[in-house]
Amino acid sequence: MTELKYIRNFCIIAHIDHGKSTLADRLLEKTGVMAARDMTSQVLDSMELERERGITIKSKAVRMPYTAKDGKVYELNLIDTPGHVDFTYEVSRALAACEGAILVVDATQGIEAQTLANVYLALDHDLEILPVINKIDLPSAQPEVVRKEIEDEIGLDAQDCPLISAKMGIGIDDVLEKIVEVIPPPKADASRPLKALIFDSYYDNYRGAISSVRLVEGSVRVGDKIRMMACGKEFDVTECGAFLPGGYLPTGELFAGDVGYIAASIKDIADIRVGDTITLAENPADSPLPGYKPVQPMVFCGIYPADGADYESLKDALERLRLNDASLSFEPETSVALGYGFRCGFLGLLHMEIIQQRLEREFDLDLVTTAPSVIYHVIKTDGSMVSIDNPTNLPPVNEIQYMEEPFVDARVITPADYTGAIMELCQEKRGIFKDMKYIDGGRVSITYDLPLNEVIYDFFDTLKSRTRGYASFDYELKGYVESDLVKLDMLLNGEACDALSIIVHRDRAYARGRSIAEKLKDAIPRQLFEIPIQAAIGGKIIARETVKALRKDVLAKCYGGDITRKKKLLEKQKEGKKRMRQVGSVQVPSEAFMAVLKMDT
Amino acid sequence: MTSLYVHIPFCVRKCAYCDFESYAGRLDRADEYILRVLDEARSRYGEYGVFSPYSVYLGGGTPSLLTPEQLRTLCGGLFAMFPPAEGAEVTLEANPGTVTPELLSEAARLGINRISLGVQAKQERLLKLLGRIHSFDQALQAVDMTREAGIHNISCDVMCCLPDQTEDELADTLESLMEAGVKHISCYSLILEEGTRLYDQVKSGKLSLPGEEAETRQLRLAAEVLRRGGFERYEISNYAQRGFESRHNMVYWERGDYLGLGCAAHSFMRGERFCNPCFDRYMKGEDGLERESVDTAASLEEEILLGTRMSRGISLEHMRTAYGAKALDALVVSGKKLTGMVVIENGRLRLTDEGFLVHNAIVVELAAAVQDAALPA
């Protein structure tokens with residue numbers, strides 16, 4: 001075992017694109033865990049989607065041996081954390097397993113909204129923070145300005161902070177030395193009964209469900225009988241050890257202060273509850289470690305198979321994804337228009353997008369998704385309250401006394417030039433201005449209270465386009481506020497289509513209704529009859545478009561006796577029809593249901 | 001009752017819209033080809049036994065490119081094995097630019113009693129655009145020549161929905177042909193096929209199609225002009241004076257048996273569809289690739305796809321006996337929803353002129369409804 005004073009458990013926190021993964025790669029390379037030639041870029045982001053989008057979704061850990069200038073060999077455990085606001089929950093789990101955090105700040109961009117959010121989280125967990133200024137090789141780098149920003153905005157001493165270029169490999173040794181110097185070793189007692197905090201779980205086809213753990217007290221070895229303190233279930237440890245990039249390093253035992261994994265032939269991932277404490281059955285700890293708050297999904301949408309026959313495959317795929325993503329929730333629901341599918345809950349919009357893409361890519365499923373919704377509180381006339389995450393379940397209007405919607409605390413950091421554009425956007429989104437202050441480097445931090453249902457609609461995209469990508473955005477749930485909400489229905493040929501209904505603020509209903517009707521008009525192909533498309537609140541029509549009837553669709557050609565050719569053409573048309581949903585008398589293509597999600601131009 | 005089709009793949013030049021199996025500049029192999037077709041006929045004769053075709057169609061390509069001697073060899077050999085039935089319709093497809101009085105009188109002597117002329121359009125500009133080798137005057141001369149040879153059952157092919165074609169031009173073409181005394185007119189709308197010159201010209205923007213509205217007007221106009229001239233529409237693109245409807249055409253839509261001889265020829269024999277290979281492989285005596293045995297589900301679909309092309313439509317009684325009461329009910333229920341496009345009367349389901357315009361969409365609709373009923377999942 002490594003003596004505690006030679007162990008350093010840390011994570012890296014950064015705004016997206018500030019170079020977190022590249023720095024992690026360099027640390028792996030410098031400590032010899034991975035040779036440069038073996039590395040595809042960004043080893044820790046092993047999911048295809050993670051690499052492609054430059055984000056980390058799952059927290060991961062890896063152990064690196066490092067011989068410091070004092071001649072001693074240190075065990076560095078790097079726990080990778082997601083950077084995006086949607087995954088704050090995962091971040092906070094990872095932070096609980098660390099004593100310190102490297103804060104990476106881009107020398108050309110400075111502090112961003114997510115940097116602050118992550119720093120506050122780290123401070124909440126009493127972590128020692130080691131600031132690092134990255135990308136100093138770029139011509140537009142302003143390390144001194146950024147150094148001052150870190151000192152002024154975060155209040156950290158940045159005088160000695162390493163100036164690095166993870167990309168060019170500059171300053172990496174300095175970072176490693178600083179980790180040893182600044183980040184404290186774990187305080188732990190291996191002689192006490194085992195207390196291991198589960199900060200993540202995975203499913204491995206060969207080992208079963210695996211817990212990622214931080215041992216706070218005691219030790220564990222292969223053959224020990226462990227007990228999950230919350231659920232009381234017991235298992236025999238079959239393997240334990242440290243993490244390597246993309247793999248495992250079985251060590252046979254783990255001690256207080258270590259970060260590693262425990263496999264115990266656990267078949268059901270549900271038996272490993274993230275936040276639970278593992279102890280030994282023989283010599284149990286008297287109380288568990290403080291756990292995590294269970295995660296609360298904030299955004300919901302319906303996910304349906306494009307082909308109804310794929311329902312079971314979709315169910316299997318969702319179950320497989322949930323094995324490694326406890327924050328994904330789903331339950332069966334049915335829609336008149338879409339048939340059998342699932343109501344899924346997500347941490348946020350990005351999380352939703354990622355799940356959809358993983359279902360499509362990794363499981364090769366064709367999906368139809370409905371417009372995202374938040375949870376609304378409906379206070380009924382009898383005084384009772386119901387939570388609604390699907391517009392279809394809204395009680396009749398005469399039973400509703402009033403409704404409440406969730407608001408978030410939103411922070412935007414932007415170059416000062418875009419202040420006007422951003423305030424205009426927040427205003428349009430029914431935002432309530434809270435505060436604005438100037439940061440060094442000509443930038444502004446703006447805070448607003450925003451309704452979450454506007455944020456999930458097209459806020460990110462609009463913000464990006466109006467600030468040419470320069471503004472950063474972060475939010476956290478604030479609470480519920482009474483609001484004048486209405487249910488907006490879309491009628492196709494006079495029949496309401498449940499999958500297209502949304503709950504929206506009355507002031508925004510007309511614009512949304514018009515825009516959805518226009519998009520549906522473009523998305524629905526012409527059919528044998530004219531199709532009126534209407535947007536309605538209650539019985540009142542507020543917008544109308546028409547899909548004209550098909551005029552000419554005929555093979556007035558001589559193919560002689562070649563009937564096969566005609567049949568093939570028919571086959572193609574039938575395939576097209578198969579991909580459509582029947583809503584009353586109207587055929588609606590899957591894409592049309594997505595039309596309601598698209599941003600206004 | 002079985003019909004016979006013979007494919008003659010030779011052409012003077014390839015037309016700009018054509019994607020059929022046809023070759024310019026291979027006429028030197030015509031003798032060899034005819035022998036190969038007779039060879040095939042012999043082997044089919046062994047397979048299916050003797051039959052007297054209800055109709056015969058010599059199509060192409062350009063069968064009128066054959067010399068009178070070649071035509072005699074072909075028909076002589078063919079009819080020795082498969083003598084046309086009493087009153088059979090025997091058609092020769094002809095290009096107005098290649099017919100000669102000699103060929104036509106030989107044809108009449110051999111028992112050919114119907115000529116189908118590829119006229120396509122009256123206007124020089126359109127003929128050029130299509131890559132035709134003849135003028136409209138030549139077409140009219142061919143009509144006269146055919147009659148002089150003693151063949152009075154004359155059909156002409158006309159095209160509509162061509163780039164820059166006007167409604168007046170289309171009407172003029174149709175009226176001039178009726179005036180010339182032809183008995184049957186097929187009016188096809190241009191379908192762009194990949195790999196043709198016209199396709200490339202349209203895709204590259206050099207030419208543009210009239211657009212859906214104008215095309216719809218042209219198709220309506222054709223039906224109207226022809227009807228005024230006493231031509232009844234008996235199929236989506238076929239019009240004839242009473243009694244001159246093409247038997248051979250109807251065999252395709254009625255799903256009768258037909259044996260196709262020659263390269264790339266299609267057959268439907270005893271519930272099986274198959275196709276001969278293209279020229280080079282055919283000449284080597286190789287077999288075709290695609291063979292489809294039409295099962296109940298597929299034949300039900302074919303009935304709808306093909307039956308609705310005919311003005312008289314589908315017999316409901318036939319649907320009931322062949323596919324059951326459930327399939328019939330579904331067909332009727334789904335048909336009744338298509339007001340103005342589908343008519344159900346006198347024991348038949350048929351499409352109206354408006355229905356013909358969207359035939360594909362209607363077939364998909366009806367086929368889906370019937371299939372769900374006939375073959376519960």
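First the proteins, then the strands, lettered A, B, ... as listed; each starts at 1. Remember, predicted model here, so these are calculated numbers, not experimental data. Hydrogens, waters and symmetry mates are skipped; everything else that's a heavy atom, side chains included, is used.
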When only pairs under 4.5 Å are counted, which of [options] shares the most heavy-atom pairs with chain A?
{"options": "M341(B), H248(B), E354(B)", "result": "M341(B)"}
{"options": "M159(B), E301(B), H359(B)", "result": "E301(B)"}
{"options": "E365(B), E302(B), R309(B)", "result": "R309(B)"}

Whether the [X] and [Y] side chains hold a donor-acceptor pair (N or O, under 3.5 Å, no angle test) is what I'd like checked.
{"X": "S585(A)", "Y": "N493(A)", "result": "yes"}
{"X": "H266(B)", "Y": "Y252(B)", "result": "no"}
{"X": "N249(B)", "Y": "E235(B)", "result": "no"}

Check each atom of [X] against the heavy atoms of chain A and say whether the ones under 4.5 Å are side chain, backbone, both or neither.
{"X": "R255(B)", "value": "neither"}
{"X": "Y258(B)", "value": "side chain"}
{"X": "L190(B)", "value": "neither"}
{"X": "F268(B)", "value": "neither"}
{"X": "S189(B)", "value": "both"}
{"X": "I362(B)", "value": "both"}
{"X": "C161(B)", "value": "side chain"}
{"X": "E292(B)", "value": "side chain"}

Non-hydrogen atoms of chain B under 4.5 Å away: do they reach the side chain of [X], the backbone, both or neither?
{"X": "E575(A)", "result": "neither"}
{"X": "Q587(A)", "result": "side chain"}
{"X": "K567(A)", "result": "both"}

| request: Run the numbers on E212(B) and R551(A) for salt bridge (Lys or Arg N to Asp or Glu O under 4.0 Å), then give the verdict. | output: CA-CA 7 Å; E212(B) 198 183 18; R551(A) 302 304 300 279; over 6 Å; no
Nearest 0.5 Å, what's the [atom1]-[atom2] distance between [X] and [Y]?
{"X": "L221(B)", "Y": "E167(B)", "atom1": "CG", "atom2": "CD", "value": "5.5 Å"}
{"X": "Y17(B)", "Y": "Y188(B)", "atom1": "OH", "atom2": "OH", "value": "10.5 Å"}
{"X": "D310(A)", "Y": "F363(A)", "atom1": "CG", "atom2": "CZ", "value": "13.0 Å"}

| According to the interplanar angle, ranging from 0 to 90°, do the rings of F342(A) and Y311(A) count as parallel (below 30°), tilted (30 to 60°) or perpendicular (above 60°)? | parallel
| request: List the steps, then state whether salt bridge (Lys or Arg N to Asp or Glu O under 4.0 Å) holds for R220(B) with E224(B). | output: CA-CA 6 Å; R220(B) 282 198 184 121; E224(B) 192 189 308; over 6 Å; no
